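One structure is given here, and the rest of the page talks about it.
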Amino acid sequence: ADKLHWVNSDCKYAELSFAAGMHSTDILEIYLSLAQQIPDNAAGYFERVSRIYESQGNEHEAARFRNFSQKARTEQN
């Protein structure tokens, strides 16, 4: 139960921060961690990571994580 609470807290923090325009490396790392912990939601988390990289001007990593997101969506279906 403690781990689930921690994951939910991280998810809420990351989502609120992202929505507020905070696209820091810390938020990016939370999304990467969440993608490992909640694989069913990995596609969405990878999409967020892609958008963070894009906002930081790193188009190469943005494209790489966009591909991860698309692959994760395909694997879910």
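These numbers come from a predicted model, not from an experiment.
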Q: Output all residues satisfying salt bridge (Lys or Arg N to Asp or Glu O under 4.0 Å) with Glu59, sequence neighbours left out; order by chain, then residue number.
A: Arg66

Give, for atom [atom1] of [X] and atom [atom2] of [Y], the distance between the pair rounded to the nearest 0.5 Å.
{"X": "Ser33", "Y": "Leu28", "atom1": "OG", "atom2": "CG", "value": "11.5 Å"}
{"X": "Ile30", "Y": "Thr25", "atom1": "CD1", "atom2": "OG1", "value": "11.5 Å"}
{"X": "Phe65", "Y": "Leu32", "atom1": "CZ", "atom2": "CG", "value": "5.0 Å"}
{"X": "Tyr53", "Y": "His60", "atom1": "OH", "atom2": "NE2", "value": "10.0 Å"}

Q: Please name the pair of heavy atoms, one in Ala43 and one in Arg73, separated by the smallest distance, quoted to 0.1 Å.
A: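 Nearest pair, atom of Ala43 first, then Arg73: CB-CG, 3.4 Å.
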
Q | Ala35 to Ala42 - nearest heavy-atom pair and separation | A | O-CB, 4.0 Å

Review item, side-chain donor-acceptor pairs of residues 15-23, under 3.5 Å, at least two apart:
{"residue": "Glu15", "atom": "OE1", "partner": "Arg48", "partner atom": "NH2", "Å": "2.8"}
{"residue": "Glu15", "atom": "OE2", "partner": "Tyr31", "partner atom": "OH", "Å": "2.8"}
{"residue": "Glu15", "atom": "OE2", "partner": "Arg48", "partner atom": "NE", "Å": "3.4"}
{"residue": "Ser17", "atom": "OG", "partner": "Tyr13", "partner atom": "O", "Å": "2.8"}
{"residue": "His23", "atom": "ND1", "partner": "Ser55", "partner atom": "OG", "Å": "3.2"}

Q. For residues 19-40, which residue pairs qualify under salt bridge (Lys or Arg N to Asp or Glu O under 4.0 Å), counting only residues two or more places apart or in two chains?
A. none

Q: Using the test side-chain hydrogen bond (donor to acceptor under 3.5 Å, both in side chains), find all partners of Glu61 that sit at least two apart in sequence or belong to another chain.
A: Arg64

(Q) Is any side-chain heavy atom of Gln70 closer than 4.5 Å to one of Asn67? (A)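 The answer is yes; the side chains approach within 4.5 Å.
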
Q: Quick one: list whatever passes side chain to side chain contact (heavy atoms under 4.5 Å, CB included) with Asn41, sequence neighbours left out.
A: Ile38, Tyr45

